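Structure record follows, encoded as structure tokens.
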Amino acid sequence: MTTIYSARWVLPISTAAIEDGAVAVDGQRIAGIGPEAEIVAKFSSAKIESLGEAVILPGLVNTHTHLELTAMRGYLEKEENDFFAWLRKLTIARLEHMTPDDIRVSATWGACEAVRAGITCVADASDSGLQSMLALEEVGLRGVVFQESFGPDARLAQENVEKLKVNLAELLEHESELVRAGVSPHAPYTVCAPQLEMIADLALSEGLTLMMHAAESEAEDLLLREGCGAFAEGFVRRSIEWKAPQMSTIQYLKQVGVLDTQPLLAHCIRVDNNDIETLRETGSAVAHCPKSNAKLGHGRAPFAKFIDAGVLVGLGSDSVASNNTCDILEEARFATLLSRAAGAHISAEDALRAATFGGGHLSEGERADLIAVRLTGVHQTPGYDPVATLIFASSGRDVILTVIAGREVYRDGRVTTVDEDRLRARVKEIDRKFTQMNAN
Ligand SMILES: [Zn+2]
């Protein structure tokens, strides 16, 4: 059964915009794309879905998130000026107060938020990888779930990698056409050098993708360059030995072999021109998370420099514990304005390419991951140029349709794959538990 989606605009991104365009979807694939009249004539028995004054484009990609933490939206506001305290409160809440079902509910709620905002693919770092994977599959969201690994103490590196392998084996069993498994050594300040080396080797030998946090904060920079600061003090308190490599995060990750895996690196705020060249040479990609970075006061990554240098850069919401929304259109607007405020010009087209992690593909034979954004809002009218309207005047709340692998997972204000009312009630239960913890 072929379905034709038509709208005022179709933006394939990789090719020119089509006015009064249409996309024909057959099963999981795009069967045709072009002017509406041509597509309707070519697929004469197809069902036609006319979306009117809207724009159809490839699905948005959230290149860095932690859906399992969705229930912590707004929970850590008081700690946001102290990154060390923020991480500690988050870790305690997750490890000691969330049941596996709480985590599953939290991740599923996050996946609903994602598809509502036109996100069709996520790079999701998760401590409870299996729960996150099941959440993505339940909602019908495409993505890679990166099983996290922690361990700053070199004496426990081997043991921690064995634990990672056990978790990973479980994830690999649950892989599907939509959801794959990857590995995520959490960060340079939570994973020691031998463990980073072993995980990089594992990723290479098993053909797994690797995502990690990199060059995010001043505290991380101080730890690596000088062996001092909040993270170093934390290590002393826990009797963990740490010898500073006396170099930037990016050069350190190159030295321990992480960049050999062509990783996806979240943040990359504290990078110089030499680091950017290293990212390009090694084929590393960057997940730029400007709203999370700004909210935690970590600074701003050189988005325009990444683009100019030819580094593949996408946009990430990070967890909603530090954002507080998972909305890649909003992220794209913020990234663009922030760059321009600092004197670096980013065009609406650049921003849209980043929001689709390199452009996406709306072309015949490609997988049918597409969205529609309505253009009829008062805040969008008049518009003149659909790309500028998307980036500067729209948000995820203007999305009216999300199709992943040919399946409508969000349509007319409703996620079609799960019972959102039941989920909302469970999320409120978790909220009450956290509120009580705060009161105690
Ligand atoms: Zn993160």
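Ligands are counted one by one from 1 in listed order, and the atoms in each one are counted from 1 as well. Since the model is a prediction, treat every value here as computed from it, not as a measurement.
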Residue H213, metal the Zn ion (ligand 1), N/O/S under 2.8 Å: yes

Test: R280 and E277 ion pair at under 4.0 Å: yes

Atom of H64 nearest the Zn ion (ligand 1) (restricted to N/O/S, atom name only): NE2

Heavy-atom check, side chain of L259 versus side chain of L265, under 4.5 Å: yes

N-O pairing of D350 and R353 below 4.0 Å: yes

The Zn ion (ligand 1) contact by C289, N, O or S atom under 2.8 Å: no

Name of the D318 atom (N/O/S only) found closest to the Zn ion (ligand 1): OD1

Geometric class of the H66/H213 ring pair [parallel <30°, tilted 30-60°, perpendicular >60°]: parallel

